[in-house]
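Order of listing sets the numbers, starting from 1, for every ligand and every atom in it. These numbers come from the heavy atoms of this one structure, side chains and all, not from hydrogens, waters or symmetry mates.
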Amino acid sequence: MTRPDFTHLPPRQGTLALKLEARQAMFGRADVLPLWVADMDFAAPDCVRQALIARAEHPIYGYTVRDPDMLPALCDWIGRRHGWQPAPAHACIAPGVVPSLYAAVAAFSAPGEGVIVQTPVYPPFLQAVQTQGRRLLDNPLRCQDGAYSLDLEHFEQCARQARLFLLCSPHNPVGRVWSRAELQALLAICARHDVIVFADEIHADLLYPGEVHQPALPLAPERVVAAWAPSKTFNIPGMGLSALFSEQAALMQRLQAIFAALPVSTQHPFGQVAWTTAYRQAEPWLEALLQTLQGHRQHVLARLHSELPRLRMSVPQATYLLWLDFQAWGCSEPELVRRLVDEAGLGLNPGSSFGESGRGWMRLNMATTRTQLDLALDRLIAAFA
Ligand SMILES: Cc1ncc(COP(=O)(O)O)c(C=O)c1O
């Protein structure tokens, strides 16, 4: 394996990178450090790049059949890294996880029916419910001294009125890895009220030392549909592919009926090459990445602790996303964004986009080089100290 280099910042200019190109629209200026969209500034695994180049060398990019090793490669990966051996027969390939979120809302609830989310949460969780005319049942996470936990009592009240629960595990943006006991408690409530669970596990591979991701499906195979993807793990989210798991043929059929009504191809030639290569060959790259992210996390904690102690954060157990609490400054969100953009030159995701309970917080994507991260911290500290 070529040693991955997480100290080098490949220039993304000219690649139509969303993180760069959408800065003007998002922040009103195009020169902020882009610490928002959840992809990494690191080169994808070299084996993936080589496999894509090899495929691109053949000059016909025509209609393609599915690589039969895609699902086995993912199932082997989950079995090896997460202690649950799903069967490829209980899985299917889907477009991104977000389309599957929308499909789950369409398949498992009717207009006007309740769908539970736990804010602050990745914005498409809210949009999938609201744009399809379902009733958003928010069970805000509890937060004490920057530590997030579940509100099970309120969750049960929501479950009484719900058809579906959209679980984010690990949870973006707060970085929680839900324990087996926490998941069991949520799933027991869902069982009591016959609520179907869509478990978005896209961040499951990005764990910090000592953390264990408990897949939701094996805890309640009668009601969980789970979504996995290599997108975050190997920094290939532009490939737009994911997998859905369910052991219930009836649930899978309902989901697939939604996709069948709008047959979007998931068989473009490059995405599947990246997928299978990554799951089969890029484990050493992921291990090196996790070490780098662990170093980053500790570095940010140490710098904020000594140089900007007023800024608290929810210390992530997973993901490269930092959830920062600016409430001590007592300013409105527009004012906070203005200070970050104009005084610090930083483009972060505003907390309220993750639901009202996120107001006063900001999400910072730290998956960049240490040099760039330090530049961001220098600017943040100078603007807010
Ligand atoms: C929790 C979560 N789900 C889904 C996605 C995106 O999934 P996809 O690109 O496969 O649609 C993200 C991206 O940030 C995410 O954080």
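Any N or O atom pair closer than 3.5 Å counts here, and Ser231 shares no such pair with ligand 1. Checking only distances, Val98 does come within under 3.5 Å of ligand 1, N or O to N or O.
Protein heavy atom nearest atom 7 (O) of ligand 1, with residue, atom name and distance: Ile202 CD1, 3.4 Å. Pro237 O, 4.6 Å is the protein heavy atom nearest to atom 9 (O) of ligand 1. Among all protein heavy atoms, the one lying closest to atom 13 (C) of ligand 1 is Lys232 NZ, 2.6 Å. Atom 6 (C) of ligand 1 has as its closest protein heavy atom Tyr122 OH, 3.3 Å.
A distance below 6.0 Å separates the ring centres of Trp329 and Phe384. A ring-centre distance under 6.0 Å is not found for Phe234 and Trp275. Annotation: Trp323 is not in aromatic contact with Tyr122 [ring centroid separation under 6.0 Å not met].
Minimum heavy-atom separation, Ala87 to Cys75: C-SG, 3.9 Å.
Not a single heavy atom of Ser242 sits closer than 4.0 Å to an atom of ligand 1. Residue His171 places no heavy atom under 4.0 Å from ligand 1.
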* Stepwise, does the ring pair (Phe, Tyr, Trp, His ring centres under 6.0 Å) test hold for His213 with Trp228? -> CA-CA 13 Å; His213 172 74; Trp228 285 70; 5.6 Å; yes

* **Stepwise side chain to side chain contact (heavy atoms under 4.5 Å, CB included) test for His8 and Phe42** => CA-CA 7 Å; His8 173 65; Phe42 304 131; over 6 Å; no

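Ring pair Tyr320/His203 is perpendicular by interplanar angle, where above 60° counts as perpendicular and below 30° as parallel.
Under a 4.0 Å criterion applied to the non-hydrogen atoms of Ala38, ligand 1 contributes the atoms 14 (O).
Proximity of Cys168 to ligand 1, defined as any heavy-atom pair under 4.0 Å, is confined to the side chain (atoms from C-beta onward).
One N or O on the side chain of Arg23 and one on the backbone of Val32 form a donor-acceptor pair closer than 3.5 Å.
Across Val97, Asn172, Asp200, heavy-atom proximity to atom 3 (N) of ligand 1 is greatest for Asp200.
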